[in-house]
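What you see below is based on every heavy atom in this structure, not just the backbone, and it leaves out hydrogens, waters and symmetry mates.
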Amino acid sequence: MSKELTSRAENYNQWYNDLVLKGGLADYSAVKGCMVIKPYGYALWENMRDQLDRMFKETGHVNAYFPLFVPKSLFEAEEKNAEGFAKECAVVTHYRLKNDPDKKGRLMVDPEAKLEEELVVRPTSEAIIWNTYKDWIQSYRDLPILINQWANVVRWEMRTRLFLRTAEFLWQEGHTAHATKEEAVDETVKMLDVYANFVEEYMAVPVIKGVKTPNERFAGAEDTYCIEALMQDGKALQAGTSHFLGQNFAKAFNVQFLNKENKQEYVWATSWGVSTRLIGALIMSHSDDNGLVMPPRIAPIQVVIVPIYKGEESKPVIDGKVKEIMAELKALGIRVKYDDSDAARPGWKFAEHELKGVPVRIAMGLRDMENNVVELARRDTKEKQSVSIDGLGNYLKHLLEEIQQNIFNKALAFTKENTREADSWEEFVKMLDEQPGFISAHWDGTPETEEKIKELTKATIRCIPLDNKLEAGKCILTGNASTQRVLFARAY
RNA sequence: CGGGAUGUAGCGUAGCCCGGUUAUCGCGCCUGGUUUGGGACCAGGAGGUCGCAAGUUCGAAUCUUGCCAUCCCGACCA
C-alpha cells in the first residue's frame, strides 16, 4: 500500500509527519522551513479561524490589518521585545533585482537599490501597531482599543516541523490598549479564557491555564498567560498565549492619553495570539495509528457518504436517495460530502476517509435502501451500526456532538493520567524518562534553579497553573522552601 | 549552525562497494473492458536532466569535490 502509516510506537515523529503529509493537510515547499497548507488543512484552519473570529467579535474586538514590514528603527524601540526576536528576524535590505551581466538569464540583487532603512519582516506586530496607536490615542475617550489581526509572521527557525514550527506561519494577534492596569489585566485573562474555551470546546483538546515564569515570558511582557496541552507522547505543547504588556510599549512608543483629571498617563497594553500550531496540537491529541481524528465541530467534512453499487443500474437509484439525505443533513448545518467517484472502490474510500479523520462515514447500497437503513461508522471508536434513514439528520447531529465529547473526554483522561506529582529529584528524573507527561513539583521560584533543571533534564516549567493551591514544600532540586507546585514537562 | 542518515518517475524502491548498450520492480497515473458491502482484476500505454553543479574517465546513477533539500539527534524557539 502506498498510504502505509508509521505507527506511534514505532516512531512517533514519523507518525506525525505521515499524518500531516498523507492526510493531505500540508506539504513541504521549495522554501526552506516553509510549508504549503493544502486545501484540506486550510479548510480546517478556516473553521478554526471563523469560530475564533466570532468569539473575538462577541468580546468586543474588531479586525484590522497592519503591514508585513516593520522599519528597523521602530522594531528596536521596545528593547526587550527587539532583543528577544532579533535572532530570528528576516530582513529586507533591497527593493529591486536586475539582470546579472555575468550570468545570462539570471537575476541579481541590484546594489543600487539598497533601502535607506532595512525592513524587518514581522515576527510579531507590537512595534508597528504601537507606533500607529500613538496617533490614535489622545484622550481616555479613545480607549480602549480592541483590535485583532489575522496575519502571517516570519520567525527564522533553525529547525522546523510541519505546523509545530515553521519559518512562516499563520496566526491571529490581538493588540489592545487600555486606560487602566486593571482593565488590561482583565483583558489578558479574558482572552486566555476565550482561547481555553475554544481549544477545549471546538478542538476537543484539554488545556491547563497558567502563568509563565519570567524565563518563559514573552519578550516585552510583564506577565505571560498560557494554555498548555499534553500530547500523546507525553510532551507538552504551548497552545496559546495572552500577554499583559504593562506600559512597556506605551513608554517605548510614547503613547499617552489625558485622563479625566486632565493628566497625561501611559496606556496599558495586552497582546494575545494563537497560530496554525494548534493544528499540530489537534493531530497529536486525537489521532491514532489509522490516521487523523477530526473533532466534529471543526472537521472540514463531518459526514462522508459512500455509495455501494453493483452494476450501472443501481447507482442512479442510490444517488437519488443520497440526494434526499444530503438535503436533510445540509438543512441541519452538517458538512457532508458524497464520495461517489468511480475511480476508487468502497474499501479504498473507507481507508482514505479514516486516514483523513472524517468523524462519521455512511455507506449505503441497495440492500440498505430496501431496509430503509444506512451503515454508519464512527471514526473515533471505529464502531459500525445500522441506522434508520428516518430521522437520520437528527441522529447524526447528536452523534457528532457525542463524538466531540468522547474525543475530548479521552484526551482529558489521558492528560489526567499523565499528570503526576514528584517530590524528590530522583522521582522527578525517573518520571521524565519512564512516564513522560506533566509533572507537578515544588520549585524554589528562582530563575537559576529553573535554568539548571532545564539544563539537566530538558524539562521546562510549562506554567504555574491559575487554579494552583498554595502548599508548603521543598524545591525538588535545591531543597529550598517553596510555596506551591508548578507544572514541568519536556515540551515542543 | 554542529553530529549522523538519506536523496533514482507522483510515492516506495533495485542497481552504486567492483564505472560499460535501451536504469529495476511495486503502487499510483492514462485508455479499454470486467467490477464495486474494507485499500479489485485483465489487457495495452505514458511517465526519468538518477537532488544540483563541477571534476576524473573513451565512457558516470555508480568514483572525487562543492552545494542544496529532507529526516533523526543537539543548540534556538510559538
Side-chain angles (χ1 to χ4, degrees), chain A residues 1-6 11-14 16-18 21-22 27-35 84-89 103 123-124 153-173 195 212 215-219 224 226-229 236-243 271-281 290-291 306-315 318 339-355 361-369 371 373-377 382 384 386 454-455 458 460 462 491-492:
Chain A
M1 289 312 113
S2 61
K3 291 280 176 85
E4 207 57 61
L5 296 175
T6 308
N11 184 338
Y12 189 86
N13 292 325
Q14 192 58 48
Y16 175 81
N17 285 334
D18 280 359
L21 297 169
K22 292 175 181 168
D27 232 331
Y28 293 111
S29 74
V31 192
K32 186 180 166 68
C34 295
M35 66 176 179
F85 284 105
K87 294 184 296 296
E88 44 191 313
C89 284
K103 293 181 197 149
T124 179
V153 287
V154 169
R155 296 180 186 175
W156 214 263
E157 300 291 348
M158 291 175 181
R159 198 173 152 196
T160 57
R161 296 203 57 192
L162 296 165
F163 286 115
L164 297 175
R165 180 169 299 107
T166 46
E168 180 193 12
F169 58 90
L170 304 182
W171 78 346
Q172 66 51 228
E173 44 181 329
Y195 285 158
K212 287 289 187 189
N215 274 357
E216 301 277 326
R217 201 178 274 159
F218 175 75
T224 287
C226 65
I227 48 174
E228 291 282 328
L237 183 89
Q238 180 174 301
T241 48
S242 183
H243 314 291
S271 71
W272 26 273
V274 295
S275 73
T276 39
R277 184 181 223 206
L278 278 177
I279 293 174
N290 295 308
V306 178
I308 314 286
Y309 49 94
K310 291 190 172 67
E312 291 297 313
E313 62 285 351
S314 61
K315 176 75 165 33
I318 295 168
D339 186 3
D340 71 333
S341 94
D342 199 36
R345 294 168 79 256
W348 193 91
K349 291 176 183 172
F350 292 174
E352 185 67 11
H353 294 124
E354 266 163 31
L355 171 62
R361 180 188 72 233
I362 287 174
M364 191 171 75
L366 288 180
R367 209 165 71 202
D368 300 304
M369 268 185 74
N371 298 320
V373 295
V374 292
E375 181 195 79
L376 190 151
K382 311 268 286 190
K384 275 199 257 192
S386 232
K454 185 179 175 184
E455 206 182 300
K458 312 244 175 293
T460 49
R462 301 319 304 157
Y492 277 98

Would you list the protein and nucleotides 41-45 of chain B atom pairs, both N or O, that sit under 3.5 Å from each other?
none

Problem - Heavy-atom side-chain proximity of A/L5 to A/K22 below 4.5 angstrom - result: yes

Exercise for the section: Go ahead and name the base partner of B/rA46; Watson-Crick or wobble counts if both distances stay under 3.5 Å, otherwise write none. Expected result: none

Exercise for the section: Select base, sugar-phosphate, or nothing to describe what A/T166 touches, counting heavy atoms under 4.0 Å on all strands. Expected result: base

Problem - Watson-Crick/G-U partner (both atom distances under 3.5 Å) of B/rC71 - result: B/rG4

Practice task
Could you work out the separation of B/rU6 and B/rA78 based on their C1' atoms and round it to a whole Å?
Solution key: 29 Å

Handout entry: Length of the OH-P vector between A/Y16 and B/rC72, whole Å
Key = 11 Å

Exercise for the section: Please tell me if the side chains of A/E157 and A/T166 come closer than 4.5 Å, counting only heavy atoms from C-beta onward. Expected result: no

Practice task
Between B/rG15 and B/rA60, how far apart are the C1' atoms? Round to whole Å, please.
Solution key: 14 Å

Handout entry: Among B/rU70, B/rC77, B/rU36, the one nearest A/E88 by side-chain distance
Key = B/rC77

Exercise for the section: Write down the distance separating the P atoms in B/rC11 and B/rC71, rounded off to the nearest Å. Expected result: 15 Å

Fill in the blank from the handout: Considering only heavy side-chain atoms of A/Y309, the closest of B/rC76, B/rU36, B/rG37 is B/rU36

Problem - For atom OH of A/Y492 and atom C1' of B/rC72, their distance in whole Å - result: 13 Å

Exercise for the section: Decide yes or no for A/C226 and A/T241: does some side-chain heavy atom of the first lie under 4.5 Å from some side-chain heavy atom of the second? Expected result: yes

Practice task
Please state whether the phosphate of B/rC1, meaning OP1 or OP2, lies under 4.0 angstrom from any side-chain nitrogen or oxygen of A/R159.
Solution key: no

Practice task
Among the candidates B/rC71, B/rG74, B/rG38, find the nucleotide nearest to the side-chain atoms of A/N17.
Solution key: B/rC71

Exercise for the section: Please say whether the positively charged group of A/R361, taken as NZ for Lys or CZ for Arg, lies over the ring of A/F350, i.e. under 6.0 angstrom from the six-membered ring centre and within 45 degrees of the axis. Expected result: yes

Problem - Minimum-distance nucleotide (side-chain atoms of A/R361 versus B/rG37, B/rG39, B/rG38) - result: B/rG38

Handout entry: Position toward the 5' end of RNA chain B (nearest nucleotide), A/K310 or A/A239
Key = A/K310

Practice task
Quick one: label A/F218 by what it contacts on the DNA or RNA (base, sugar-phosphate, nothing), any heavy atom closer than 4.0 Å.
Solution key: nothing

Handout entry: A/M158 side-chain proximity, nearest of B/rU70, B/rC77, B/rC1
Key = B/rC1

Fill in the blank from the handout: For B/rA9, the nucleotide meeting Watson-Crick or G-U wobble distances (both under 3.5 Å) is none

Problem - Which nucleotide in B/rG38, B/rA78, B/rA75 has an atom nearest any side-chain atom of A/R277 - result: B/rA78

Fill in the blank from the handout: As its Watson-Crick or G-U partner within any shown strand, both distances under 3.5 Å, B/rC17 has none

Practice task
State whether the side chain of A/K310 and the backbone N or O of A/G365 hold a donor-acceptor pair below 3.5 Å, judged by distance alone.
Solution key: no

Practice task
State plainly whether the residues A/E228 and A/K212 are in salt-bridge range, i.e. N to O under 4.0 Å.
Solution key: yes

Problem - Rounded interatomic separation in angstrom, taking CG from A/L366 and C1' from B/rU36 - result: 12 Å

Problem - Base of B/rG38 paired with side chain of A/K384 (donor-acceptor, under 3.5 Å) - result: yes

Practice task
Output the single nucleotide from B/rG37, B/rC77, B/rC73 whose closest atom is nearest the side chain of A/N13.
Solution key: B/rC73

Practice task
Measure from the side chain of A/A363, starting at C-beta and using heavy atoms only, and say which of B/rG37, B/rG74, B/rG38 lies closest.
Solution key: B/rG37

Practice task
Could you tell me how the ring of A/Y195 sits relative to the ring of A/W272: parallel (under 30°), tilted (30 to 60°) or perpendicular (over 60°)?
Solution key: perpendicular

Exercise for the section: Scan A/G33 against the nucleic acid and name what it touches under 4.0 Å (heavy atoms): base, sugar-phosphate only, or nothing. Expected result: sugar-phosphate

Practice task
Determine the Euclidean distance between corresponding P atoms of B/rA14 and B/rG51; express it in Å to zero decimal places.
Solution key: 13 Å

Practice task
Report the distance from atom CD of A/E157 to atom P of B/rC1, rounded to the nearest whole Å.
Solution key: 15 Å

Exercise for the section: With a 3.5 angstrom cut-off on both distances, give the Watson-Crick or G-U wobble partner of B/rA53, or none if there isn't one. Expected result: B/rU65

Exercise for the section: Would you classify A/L164 as touching base, sugar-phosphate or nothing, given that sugar-phosphate means primed atoms plus P, OP1 and OP2, and contacts are heavy atoms under 4.0 Å? Expected result: base

Fill in the blank from the handout: To the nearest angstrom, the OH-P distance between A/Y12 and B/rC73 comes to 13 Å

Exercise for the section: Pick the C1' atom in B/rA23 and in B/rG47, then give their distance to the nearest Å. Expected result: 14 Å

Handout entry: Backbone N/O of A/L164 and side chain of A/R277: donor-acceptor pair under 3.5 Å
Key = yes

Practice task
Specify the residue among A/K382 and A/R217 whose closest nucleotide of RNA chain B lies further upstream toward the 5′ end.
Solution key: A/K382

Handout entry: Distance, P atom - from B/rG48 to B/rA40, rounded to whole angstrom
Key = 28 Å

Handout entry: B/rC77 - base-pair partner by Watson-Crick or wobble geometry, distances under 3.5 Å
Key = none

Practice task
Considering only atom P, compute the distance from B/rC67 to B/rG20 and round it to an integer number of Å.
Solution key: 28 Å

Completion exercise
Here the distance between atom P of B/rU36 and atom CG of A/D339, to the nearest Å, is 18 Å

Fill in the blank from the handout: Quick note, A/K458 side chain, CB onward, closest among B/rA78, B/rU36, B/rG74 is B/rG74

Problem - Distance between C1' atoms of B/rU56 and B/rC63 (Å, rounded) - result: 8 Å

Practice task
Please state whether the base of B/rG38 and the side chain of A/E354 form at least one donor-acceptor pair under 3.5 Å?
Solution key: yes

Practice task
Kindly indicate whether the side chain of A/T160, heavy atoms from C-beta on, has any atom under 4.5 Å from the side chain of A/M35.
Solution key: no

Exercise for the section: Searching all strands shown, indicate the nucleotide that pairs with B/rA40 (Watson-Crick or G-U wobble; both distances under 3.5 Å). Expected result: B/rU34

Problem - Separation of atom CG in A/L5 from atom P in B/rG39, rounded to whole Å - result: 17 Å

Practice task
Starting at atom NZ of A/K349, determine the distance to atom P of B/rA40, rounded to an integer number of angstrom.
Solution key: 11 Å

Exercise for the section: Answer yes or no: does a side-chain N or O of A/R345 lie under 4.0 Å from OP1 or OP2 of B/rA40? Expected result: yes

Practice task
For A/C34 and A/A167, work out which heavy atoms get closest and say how close.
Solution key: SG-CB, 4.0 Å

Handout entry: Beyond-backbone contact of A/H353 with A/V306, side-chain heavy atoms, under 4.5 angstrom
Key = yes

Fill in the blank from the handout: Among B/rA78, B/rC71, B/rG39, the one nearest any side-chain atom of A/F169 is B/rA78

